[in-house]
Student: 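Have a look at the structure that comes next, please.
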There are 2 protein chains.
Amino acid sequence: MPLPDEFERIRLWTESRQTADFLLASGVRLGIGDDTAVVGAPAGIEWLLAVDTMVEQIHFRSETMEDADVGYKALASNISDIAAMGGIPAHALISVSVPPAWDFNRMKSLYDGFYECAERYSVAVVGGDTTAAPSDLVVAVTVFGTVEAGRAITRAGARAGHIVFVTGPVGLSAGGLHGMLPSDTARPKPPERLIRAHRRPAPSVKAGRLLLERGWGKSLNDVSDGLASEAWEIAEASGVRLVLKEASLPLSGELASYAADCRVDPLDWMLYGGEDYVLLGTANGEDEAAMREVFRQEGIPLFVIGETEEGPPGVELETERGLRKPLAKRGYNHFAKG
Amino acid sequence: MPLPDEFERIRLWTESRQTADFLLASGVRLGIGDDTAVVGAPAGIEWLLAVDTMVEQIHFRSETMEDADVGYKALASNISDIAAMGGIPAHALISVSVPPAWDFNRMKSLYDGFYECAERYSVAVVGGDTTAAPSDLVVAVTVFGTVEAGRAITRAGARAGHIVFVTGPVGLSAGGLHGMLPSDTARPKPPERLIRAHRRPAPSVKAGRLLLERGWGKSLNDVSDGLASEAWEIAEASGVRLVLKEASLPLSGELASYAADCRVDPLDWMLYGGEDYVLLGTANGEDEAAMREVFRQEGIPLFVIGETEEGPPGVELETERGLRKPLAKRGYNHFAKG
C-alpha cells in the first residue's frame with residue numbers, strides 16, 4: 001500500500017516525539033523506521049506482552065470521546081494490563097486503521113493522546129502500522145513490559161482465607177459514560193471527575209509495583225470489564241469463592257451524587273461498569289495493616305472489600321443485612337440500551 | 001465488553017491449539033488467559049518487535065482471499081518483518097475486530113489460518129484481543145522475534161560497491177491478484193502458483209538466518225510494498241544509489257506465461273507489485289560466489305539483480321540496452337483501477 005502524503009506526514013511527525021536519550025534509556029536499539037524495532041533484553045527479567053483494541057462505534061463514539069482521548073485511553077488500557085501483573089510498562093507498538101472521516105488534524109489529535117499517555121508512563125513508542133479503513137477507526141495497541149523473573153502476579157494465586165482489595169473507587173467511568181450518551185430523557189451533567197475517569201483513565205502501575213515489590217499481591221487483575229467479571233476471573237483461575245461486601249465497595253462522593261441526581265442506584269455501575277483500571281486482588285490478611293499504612297504513605301487508595309473462601313469458584317455479594325447474592329459473570333456493554 | 005458465547009468458544013478453542021511442551025520450549029511462562037503473557041528473556045539476544053494490520057476491503061476481499069488465507073497471510077507478513085532483520089520469529093499476539101458477517105465458522109477458518117502459519121514457523125501464539133466491529137474485519141498481528149545482540153540487519157547498511165540481491169522471484173502475488181479481481185474484460189485464470197503466492201506467502205526466515213549467520217547481509221528488507229519501494233527504503237536509509245538490471249530481475253515462468261496470456265508486460269508487477277515476501281538486500285561482491293554456493297545447497301533461490309553506487313539516494317533501472325531510468329518510489333495499491 002502506498003501511504004498517502006498525509007500518512008507520511010504523520011509518520012514523520014511521530015518520529016520526533018520522543019528523544020533519543022529517552023529511547024536509549026528505554027533499551028531501544030532501533031525505533032520506528034525499519035522492518036522491526038530492536039530492543040535490548042536485560043538480565044533477570046521476563047517480558048509481559050499484551051494487546052488491546054478500540055473500535056469506533058463499539059468502544060467509543062465521537063459524542064463520548066474526544067479524538068485525543070481515544071489515543072490516550074487505547075494506550076492506558078494496555079498499560080493497565082502490565083500493571084495488573086505487577087510489571088513496568090516499557091514499549092508500545094501502535095496499529096491504526098484510518099477511515100476517510102479521520103483527516104490529518106483528527107489523526108494529529110489521536111497521536112497527541114498516544115504520546116501524552118506514553119510520556120506520563122515512560123513508554124517508548126517503537127513502531128506501528130498505519131493503514132486505511134473503509135468506515136470506522138480501529139486502534140490496536142501492543143504493550144511490552146518487564147517484570148522480575150518469576151514474579152508476575154497472575155489471577156491464579158488466590159487462596160481461601162485471603163482478603164480481597166481494590167486500589168480505587170469503581171463505577172466512575174460507567175457513570176461518566178452514562179452522562180454523555182444521548183438519552184430519551186434529559187440527564188444531569190455528570191461531575192468532571194466521572195467524565196475524566198471515562199476519557200482519561202489512570203492505569204495503576206504504582207499500586208501494582210508496590211504489590212509485587214512487597215510481595216503482598218497474591219492474585220491480581222485490572223478492572224477493565226467490571227468488578228464482578230474480574231472477580232469471577234480470579235475465582236475461576238484460582239479455584240476459590242470471592243465474597244464481596246456491599247457496604248465496603250468504594251463509592252466516590254461524585255458518583256453517589258450523580259446517581260442520586262439521576263435517581264438510579266450506582267451499584268450496577270460499580271459492579272458491572274468496567275474501565276476503571278484500578279486493581280482487584282487478594283492478599284494475606286496478616287499483611288493488611290502494613291498494606292494500608294504503605295498505601296496511605298504513597299497516596300494510593302486501598303479498599304478491603306471482602307474475602308475469599310473455599311467452595312466451587314464463584315462470586316457473591318454480601319448485603320449490609322448479611323444476605324448473600326450470587327453475582328453474575330457478565331461484563332460491560334458500552335452502548336447497550338438503558 | 002461482554003464476549004458473546006461465540007467469542008468465548010473461539011477463545012477456548014484457541015487455547016488448545018499449541019501444546020504445553022511447544023509453548024515451554026518457546027520460552028512462554030504464561031500464555032493466553034491472563035492480563036498479559038509472560039515470556040522469558042534468554043541472555044545475549046535482542047527482541048525484534050513488529051505489527052502489521054490487514055483490513056477487509058483495503059487489503060483483501062472475500063473474492064481474492066479465503067477466510068483461512070487471511071489468517072495465514074496476516075501472520076506470515078509479520079514473520080516476514082522478522083526475517084528481514086535476520087531474526088527468528090518467536091511469539092505472536094493477535095487482535096481481531098469481528099463484524100457481524102464473520103460468523104463462528106468463518107472465524108474458525110480465520111484461526112485455522114493463523115495456527116497453520118504459526119505451526120509452520122514455530123511461532124507461539126501467546127495472547128490476543130477479540131472485539132466486535134461494525135462492518136469490516138480488521139486483523140492486527142504483533143510478532144516478537146529474537147536476534148543475536150547487535151546483529152540485526154537493518155536497511156541502513158548498504159555501501160557503494162555492494163551487490164544487490166533478492167531471494168526469490170517477484171511479481172507473483174500481484175499477478176495472482178490480477179487474475180482474481182473482477183474485471184470488465186475476461187481474464188485468463190492465473191496459474192495456481194500465482195494464486196498461492198498471493199494467498200499463502202512464504203516469509204524468508206531461512207534466507208534471513210543464512211544472511212545473518214554468515215555475515216553476508218549488509219542491508220536487508222522484505223519485499224512487502226514492491227521491489228522499487230523497498231529498494232528506495234534501502235537507498236534512503238543507507239545514503240546510496242541502487243542500480244537494478246532489468247535483464248537480471250527474476251521472472252518466474254508462470255508469471256511470464258500468465259502475463260503473455262493477458263498481453264501485459266509483467267515488469268510493473270515485478271517492480272511495484274509487492275507482497276512477495278522475498279528478501280532484498282546488499283552484500284559485498286567478494287561474498288557472491290560463496291553465497292551462491294550455500295544458497296544452492298540449501299535450496300533457496302538467490303538472484304543478483306544489481307549493484308550500489310555513490311550518489312544522491314535513489315533507485316535506477318538499467319535496461320538491456322544499457323539505458324538508465326529512475327524508478328518511482330511508489331508502492332502498491334491493491335484495488336486501484338486498471
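Here is the naming used below: chain letters follow the sequence lines, and residue numbers restart at 1 for every chain.
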Student: Looking at every non-hydrogen atom in both residues, tell me the closest pair between B:Leu220 and A:Asp35 and how far apart they are.
Tutor: O-OD2, 3.6 Å
Student: For chain B, which residues from residues 81-89 of chain A lie under 4.5 Å away (heavy-atom distances)?
Tutor: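 Within residues 81-89 of chain A, the residues under 4.5 Å from chain B are A:Asp81, A:Ile82, A:Ala84, A:Met85.
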Student: Which value, rounded to the nearest 0.5 Å, describes the distance between B:Phe144 atom CZ and A:Leu93 atom CG?
Tutor: 7.0 Å
Student: So which part of B:Val39 gets closer than 4.5 Å to some heavy atom of chain A, the side chain, the backbone, both or neither?
Tutor: both
Student: Determine the minimum heavy-atom distance between A:Val55 and B:Ala132, stating which atoms define it.
Tutor: CG2-O, 3.6 Å
Student: Taking side chain as everything from C-beta outward and backbone as N, CA, C, O, which of these in B:Thr154 sits under 4.5 Å from a heavy atom of chain A? Side chain, backbone, both or neither.
Tutor: both
Student: For B:Glu233, is it the side chain, the backbone, both or neither that has a heavy atom under 4.5 Å from a heavy atom of chain A?
Tutor: neither
Student: Specify which of B:Ala152, B:Ala140, B:Ala133 makes the most heavy-atom pairs with chain A at under 4.5 Å.
Tutor: B:Ala133
Student: Given a strict heavy-atom distance threshold of 4.5 Å, which part of B:Asp136 is in contact with chain A: side chain, backbone, both, or neither?
Tutor: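 For B:Asp136, the side chain is the part near chain A, not the backbone.
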Student: Looking at A:Gly40, A:Pro134, A:Gly127, which makes the most heavy-atom pairs under 4.5 Å with chain B?
Tutor: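 Highest number of pairs under 4.5 Å: A:Pro134.
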Student: Shorter than 4.5 Å, heavy atoms on both sides: which option in A:Asn221, A:Val126, A:Val143 has the most such pairs with chain B?
Tutor: A:Asn221
Student: Could you give the side-chain donor-acceptor pairs of residues 41-54 of chain A under 3.5 Å, partners two or more places apart or in another chain?
Tutor:
residue: A:Glu46; atom: OE1; partner: A:Gly150; partner atom: N; Å: 3.2
residue: A:Glu46; atom: OE2; partner: A:Gly150; partner atom: N; Å: 3.4
residue: A:Glu46; atom: OE2; partner: B:Arg29; partner atom: NE; Å: 2.8
residue: A:Asp52; atom: OD2; partner: A:Ser77; partner atom: OG; Å: 3.4
residue: A:Thr53; atom: OG1; partner: B:Ser95; partner atom: OG; Å: 2.5
residue: A:Thr53; atom: OG1; partner: B:Asp129; partner atom: OD2; Å: 3.4

Student: With a 4.5 angstrom heavy-atom cut-off, could you sort out which part of B:Val38 is near chain A: side chain, backbone, both or neither?
Tutor: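 Its backbone and side chain both get close to chain A.
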